[in-house]
Every structure is written in C-alpha cells, then in structure tokens.
Amino acid sequence: MPLTIFKRLVLGNIAILFLVMLLGGTVSYKLLELQKLSREIVSKNQESLLIGERLLDEFSLLIQMDEKYFVVKDQDYLNGFYNHKAQIEKELSRYADLIENQQQKISYDSVLETFQNYTHWFQTTADSTEMNFDYDLLASERAPFVPEIRNHIKNIIIQSRQIVNKKTEVSSSLTQQIFMMTVATTLLTIMVGMFITVLNTRSIVTSVDRIQHKTHKIAKGYFEEIKTFKGPKELQDLSENFNSMCRQ
C-alpha cells in the first residue's frame with residue numbers, strides 16, 4: 001500500500017533522528033570514556049607520581065636524620081628520624097590505594113619490605129649503640145638498604161609516569177576519534193537527509209508533473225486515462241479521480 005506524503009515525511013525524519021541518536025550515543029559513550037580517563041590521570045596516576053617524588057625527598061631527609069643522630073647522639077635527630085619514618089609510611093599507605101597493576105604492587109611490596117628492614121635495623125642499632133661506636137661499621141651496615149630503597153621508589157615513579165603517558169596517548173586517541181565521529185555524524189546526517197528529501201521530493205514532483213501534463217490534455221479535449229504510477233497515495237487517488245472523470 002502506497003504511503004501518504006505525511007507518512008513519507010514523518011518516516012524520513014524518524015530515520016534521520018535515529019541516525020543522529022545512534023551516532024550521538026556513540027560519541028557520548030566515547031566522551032564518558034575520555035572523562036573517566038582524564039579523572040584517573042589527574043586524581044590517581046598524577047597523585048601516584050607525586051607520592052613517589054615525595055617518598056624520595058622524605059627518604060633523603062630520613063637518611064640525614066639517621067647519620068646525624070649517630071654522629072652527635074642528639075634526641076632531636078632521633079625524633080626527626082621517626083617523624084620522617086611516619087610520613088613515609090603514610091605516603092606508602094596512600095600509594096597502596098592507587099595501585100593499578102602487578103608491577104606497581106611488586107614495587108610497593110619491595111619498598112615496604114626493604115624500608116621495614118632498614119627501620120628495624122636503625123631502631124635495634126640506636127637502642128644498643130653507645131657513644132664509642134664504630135661509625136664506619138654502622139655506615140657499612142646501612143649501605144645496602146639506601147640504594148635498594150631508592151631504586152624501588154624510583155621504580156614507583158617510573159611506572160606511574162609510564163601509566164600517565166600511556167593514558168595520555170589513549171586520551172589523545174579518544175579525542176581524535178570523537179572529532180572524527182562528530183564530523184562523520186554531521187556529514188552522514190546531511191547526506192541521509194538530502195537523500196531522503198530528494199527521494200520524497202522526486203516522487204511527489206514526478207507524480208504531480210504527470211497529473212499536470214494530463215490536465216493540459218484534458219483541457220484540450222483528450223480524455224485519456226492516466227496510467228498507474230508509483231507515488232504518494234494522495235496523488236494516486238487524484239489520478240484515479242482524473243481517470244474516473246475522463247471515463248465519464
């Protein structure tokens with residue numbers, strides 16, 4: 001059954017709207033992914049990177065307190081050591097909540113284990129050492145801990161930076177995809193809209209032209225019937241009315 005002009009226009013508009021909604025939904029999904037990724041980079045991965053840098057600074061200050069305490073045996077340096085120790089443990093606890101992959105977990109466990117071994121050595125040595133201690137011996141006992149802890153902290157920084165760089169690349173790729181999809185959506189909507197408009201208009205104009213041509217003939221006295229044609233229902237009904245008039 002042929003469609004009316006109204007139904008043709010409505011269906012054409014529905015097809016365009018469906019296309020826009022489909023592509024718009026895809027773009028919106030990509031935008032949500034981009035937003036989530038950006039939040040992770042800012043609130044999670046950048047924070048991991050900053051924690052690693054703060055850990056390095058705090059550990060350097062901790063070592064200074066260690067060395068100064070064993071040189072002068074001043075209680076202030078001992079208190080300073082434990083203050084920096086508490087700050088490092090606090091930063092490590094924050095970092096544990098931001099871990100995303102197995103490599104970060106391994107680095108975290110390595111830092112924590114080595115740091116605990118070092119602080120245990122310091123506490124044991126500080127409690128048992130008298131004023132006549134051998135500083136070179138203490139330095140040699142401390143020596144293995146320092147570079148190992150620093151290397152593990154540097155691994156945390158490197159891994160955090162790699163994650164930030166990787167997610168930044170993904171973010172750039174998503175931005176490019178969203179731009180391309182937006183352009184494609186606009187162009188495709190225009191093309192489909194033009195196609196549907198041309199299709200409907202051509203069907204209507206062609207039918208009207210045939211009826212108009214037949215009207216001129218009828219006006220001159222040629223009462224030939226209009227042959228059946230494909231077109232909107234209103235125009236087909238009109239052609240049937242012309243044919244009925246011609247027969248009469």
Asks: Between Lys154 and Glu53, is there a salt bridge with N-O shorter than 4.0 Å?
Replies: no

Asks: Output all residues satisfying side-chain hydrogen bond (donor to acceptor under 3.5 Å, both in side chains) with Asp57, sequence neighbours left out; order by chain, then residue number.
Replies: none

Asks: Using 0.5 Å steps for rounding, measure from the CG atom of Leu98 to the CG atom of Leu50.
Replies: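 Here the rounded value is 10.5 Å.
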
Asks: Under 3.5 Å, side chain of Ser171 to main-chain N/O of Lys167, donor-acceptor pair present?
Replies: no

Asks: Are any non-hydrogen side-chain atoms of Gln75 and Leu78 less than 4.5 angstrom apart?
Replies: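 Yes, at least one pair of side-chain atoms sits under 4.5 Å.
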
Asks: Quick check: closest heavy atoms across Phe59 and Ile153, and the distance to 0.1 Å?
Replies: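 Looking at all heavy atoms of both residues, the shortest contact is CB-CD1, 4.3 Å.
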
Asks: Distance check, rounded to the nearest 0.5 Å: Tyr77 atom OH versus Lys73 atom NZ?
Replies: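 Between atom OH of Tyr77 and atom NZ of Lys73 there are 14.5 Å.
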
Asks: What about Met180 and Val183, same hydrophobic cluster or not, with Ile/Leu/Val/Met/Phe/Trp/Tyr joined at side-chain heavy-atom distances under 4.5 Å?
Replies: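 Yes; tracing contacts between hydrophobic side chains, which count when under 4.5 Å, links both residues.
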
Asks: Report yes or no: do Val71 and Trp121 belong to one cluster of Ile/Leu/Val/Met/Phe/Trp/Tyr joined by side chain heavy-atom distances under 4.5 Å?
Replies: yes

Asks: Using a 3.5 Å distance criterion without hydrogens, assess whether the side chain of Gln104 forms a donor-acceptor pair with backbone atoms of Glu100.
Replies: yes

Asks: What's the spacing between Phe179 CZ and Leu174 CG if we round to 0.5 Å?
Replies: 15.0 Å

Asks: Just how far is it from atom CG of Leu22 to atom CG of Leu188, taken to the nearest 0.5 Å?
Replies: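 If we round to the nearest 0.5 Å, Leu22:CG and Leu188:CG are 9.5 Å apart.
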
Asks: Find out if a path of hydrophobic residues (ILVMFWY) with successive side-chain heavy-atom gaps under 4.5 Å connects Val170 to Ile178.
Replies: yes

Asks: Testing the basics here: between Leu62 and Lys85, what is the closest heavy-atom pair and its distance to 0.1 Å?
Replies: CD1-N, 3.6 Å

Asks: Report yes if the side chains of Met65 and Leu61 come closer than 4.5 Å at any heavy-atom pair, otherwise no.
Replies: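 Side chain of Met65 against side chain of Leu61, heavy atoms only: no contact under 4.5 Å found.
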
Asks: Between Gln35 and Leu32, is there a side-chain heavy-atom distance shorter than 4.5 Å?
Replies: yes

Asks: Nearest 0.5 Å, what's the CG-CD distance between Leu49 and Gln162?
Replies: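 Leu49 atom CG to Gln162 atom CD measures 11.0 Å (nearest 0.5 Å).
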
Asks: Show your reasoning for whether salt bridge (Lys or Arg N to Asp or Glu O under 4.0 Å) applies to Lys166 and Glu169.
Replies: CA-CA 5 Å; Lys166 183 177 180 180; Glu169 290 177 1; over 6 Å; no

Asks: Using the ring pair (Phe, Tyr, Trp, His ring centres under 6.0 Å) criterion, which residues pair with Phe122? Sequence neighbours excluded.
Replies: Phe70, Phe81

Asks: Determine, for Glu33 against Lys36, whether the closest basic-nitrogen to carboxylate-oxygen distance falls under 4.0 angstrom.
Replies: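 Salt bridge absent between Glu33 and Lys36.
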
Asks: Should Ile157 and Ile63 be counted in the same cluster of Ile, Leu, Val, Met, Phe, Trp and Tyr side chains packed under 4.5 Å apart?
Replies: yes

Asks: Quick one: does any side-chain atom of Ser107 pair with a main-chain N or O of Gln103 as donor and acceptor, under 3.5 Å?
Replies: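 At least one qualifying donor-acceptor pair exists.
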
Asks: Are Tyr108 and Leu112 packed together at the side-chain level, in the sense that at least one heavy-atom pair is separated by less than 4.5 angstrom?
Replies: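 The answer is yes; the side chains approach within 4.5 Å.
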
Asks: Taking C-beta and beyond as the side chain, do Tyr69 and Asp74 meet within less than 4.5 Å on heavy atoms?
Replies: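 Tyr69 vs Asp74: side chains apart.
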
Asks: Do Asn101 and Ile163 come close enough that some side-chain heavy atom pair is under 4.5 Å?
Replies: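 They are in contact (side-chain heavy atoms under 4.5 Å apart), so the answer is yes.
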
Asks: Is Arg142 salt-bridged to Asp66, going by a charged N under 4.0 Å from an acidic O?
Replies: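 Asp66 and Arg142: salt-bridged.
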
Asks: How close do Gln159 and Tyr95 get, counting heavy atoms only, and between which atoms?
Replies: OE1-OH, 4.4 Å

Asks: Donor-acceptor check, side chain of Asn151 to backbone of Pro147, threshold 3.5 angstrom: yes or no?
Replies: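 Looks like yes, one N/O pair under 3.5 Å.
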
Asks: What distance do Asn155 atom CG and Ser110 atom OG have between them, rounded to the nearest 0.5 Å?
Replies: 8.0 Å

Asks: Any side-chain to backbone donor/acceptor pair from Ser93 onto Glu89? Under 3.5 Å, distance only.
Replies: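 Not at all, since once roles are kept as given, no pair shorter than 3.5 Å links the two residues.
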
